[in-house]
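Lettering follows sequence order; numbering is per chain, from 1.
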There are 2 protein chains.
Amino acid sequence: MPSSAQRKATAEDSLDRVFHALADRTRRALLARLAQGPARVTDLAAPFAMSLPAVSKHLKVLESAALIERAVDGRVHRCAIAAAPLKDAGRWLEHYRGFWEERLEALARFVEAPAKPKRGRR
Amino acid sequence: MPSSAQRKATAEDSLDRVFHALADRTRRALLARLAQGPARVTDLAAPFAMSLPAVSKHLKVLESAALIERAVDGRVHRCAIAAAPLKDAGRWLEHYRGFWEERLEALARFVEAPAKPKRGRR
DNA sequence: AATAAATTAAACCATTCGGTTAATCAATTC
DNA sequence: GAATTGATTAACCGAATGGTTTAATTTATT
């Protein structure tokens, strides 16, 4: 049981963390890498022009958003992608899909239409 | 022509901005509100326990992520949701769908099932 | 013309972010 | 058991975030 004044983690908290985690290209790249299979921290860090601690921090962010899981085996930490929160984010976006879809369709038709002599607007 | 050293805005830049914009619950709430129709800045700000300038800043973030558009009409700024970047974000998430899908399908069925006497799982 | 309204701009503040290097710790290997 | 490896922690740094309050700006109202 949580010891002191500790608010319950809400769905909003989770979205905060997930979207924040996704808002960094290094972290997205890490996810992309992990999408092809689990990997050790050092291997994950290798392609990046930054220090190991930096990558370690990124992984911690991903982990606290529950986007990855890690299995500690001896001194090596094996990271793997974990999908559920992405699904939440996807659902959130999905919520708006109905809305855009129609607008985008219209926009797309407009944009892709034979270039008519441009009217003011904007 | 861009005056000085000015990098071209990449798709990654765009994802950075969109996900960052979505990573704040106030901004998500603003989007939610706007999903129901355009609104003036003051009206958008009303429900929030924060100053108008604060909301104004949030709107600027949403705007620079191209998630909203604004039409200035006299002294009132009318904001409206703009869907395209959300679509990009959705596409990005979609990219991972193959991976989760199988894992999550089962979970989704479970979660959305008629409330059965809850079994463990997580 | 004076005032009020809608909004942004500016200056400021505390906190978080993303990175660094150096130190630490635990598990292997020689 | 001493050195090496895999990884985190700690301390620090500059820049960005999210908020504030106080102007400033522009447009509308009376």
Side-chain angles (χ1 to χ4, degrees), chain A residues 5 7 9-10 12-34 37-65 67-80, chain B residues 5-7 9-10 12-31 33-34 37-65 67-80:
Chain A
R7 213 170 29 91
T10 67
E12 287 292 290
D13 290 335
S14 177
L15 282 177
D16 282 356
R17 279 194 292 266
V18 170
F19 281 130
H20 170 250
L22 296 181
D24 181 284
R25 67 191 61 189
T26 300
R27 290 192 290 262
R28 289 196 302 272
L30 286 169
L31 278 184
R33 174 80 188 274
L34 285 176
R40 308 180 316 149
V41 172
T42 310
D43 294 345
L44 285 171
F48 296 99
M50 72 178 68
S51 67
L52 195 52
V55 172
S56 180
K57 282 187 186 180
H58 281 303
L59 290 173
K60 192 152 62 177
V61 171
L62 289 169
E63 194 179 13
S64 76
L67 284 167
I68 68 171
E69 288 162 0
R70 85 173 67 199
V72 179
D73 173 28
R75 64 183 167 182
V76 35
H77 294 207
R78 184 161 227 80
C79 300
Chain B
Q6 183 170 310
R7 212 169 29 91
T10 68
E12 287 292 291
D13 290 335
S14 177
L15 283 177
D16 282 356
R17 280 194 292 267
V18 170
F19 281 130
H20 169 251
L22 297 180
D24 181 284
R25 64 192 61 190
T26 299
R27 289 192 289 263
R28 288 195 303 274
L30 286 169
L31 278 184
R33 173 80 187 273
L34 285 175
R40 307 180 318 148
V41 172
T42 311
D43 294 345
L44 285 171
F48 296 99
M50 70 179 67
S51 67
L52 197 52
V55 172
S56 181
K57 282 186 186 179
H58 280 303
L59 290 173
K60 192 152 61 177
V61 171
L62 289 170
E63 194 180 13
S64 77
L67 284 167
I68 68 171
E69 288 162 1
R70 85 174 67 201
V72 179
D73 174 28
R75 63 183 166 180
V76 35
H77 294 207
R78 185 159 227 78
C79 300

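- Residue whose closest nucleotide on DNA chain C sits further toward the 5' end, between A:Asp73 and A:Val55: A:Val55.
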Every protein N/O lying under 3.5 Å from an N/O of nucleotides 1-6 of chain C:
from, atom 1, to, atom 2, distance (Å)
C:dA5, O4', B:Arg75, NH1, 3.3
C:dA5, N3, B:Arg75, NH1, 3.0
C:dA6, O3', B:Arg75, O, 3.3

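- Here D:dG18 presents its C1' atom at 14 Å from CZ of B:Phe48, a figure rounded to the nearest Å.
- One atom, NE2 of B:His58, and another, P of D:dT20, lie 9 Å apart when rounded to the nearest Å.
- Closest approach of B:Cys79 to B:Leu44, counting heavy atoms only: CB-CD1, 4.0 Å.
- Residue A:Ser56 has no polar side-chain atom (N or O) positioned under 4.0 Å from OP1 or OP2 of D:dA7.
- Within the model, atoms CG of A:Leu34 and CZ of A:Arg27 stand 13.5 Å from one another, a figure rounded to the nearest 0.5 Å.
- Counting all heavy atoms, side chain and backbone alike, A:Met50 lies closest to A:Val55 at CG-CG2, 3.9 Å.
- The phosphate of C:dT20 has OP1 or OP2 within less than 4.0 Å of a side-chain N or O from A:Ser51.
- Residues B:Arg25 and A:Leu15 form no side-chain contact, since every pair of their non-hydrogen atoms from C-beta on lies 4.5 Å or further apart.
- Here the closest non-hydrogen pair linking B:Arg70 and B:Lys60 is NH2-N, 4.2 Å.
- A 4.5 Å side-chain heavy-atom check between A:Arg17 and A:Leu67 finds every atom pair outside the cut-off.
- For the pair A:Arg70 CZ and D:dG6 P, the interatomic distance rounds to 16 Å; values are reported in whole Å.
- For the pair A:Leu44 CG and D:dT8 C1', the interatomic distance rounds to 15 Å; values are reported in whole Å.
- The distance between atom CZ of A:Arg25 and atom P of C:dG19, rounded to the nearest whole Å, is 10 Å.
- For B:Lys60 and D:dT17, the NZ to P distance is 12 Å, given to the nearest whole Å.
- The nearest whole Å value for the distance from the CG atom in B:Leu62 to the P atom in D:dG18 is 11 Å.
- By the 4.5 Å heavy-atom criterion applied to side chains, B:His58 and B:Phe48 are not counted as neighbours.
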Please list, pair by pair, any protein nitrogen or oxygen found under 3.5 Å from a nitrogen or oxygen in nucleotides 10-17 of chain C.
none

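- Nearest heavy-atom pair across B:Ala23 and A:Asp16 is O-OD1, 3.5 Å.
- A side-chain donor-acceptor contact under 3.5 Å links A:Arg33 to the backbone of A:Asp43.
- Atoms CD1 (A:Ile68) and P (D:dA7) sit 12 Å apart, rounded to a whole Å.
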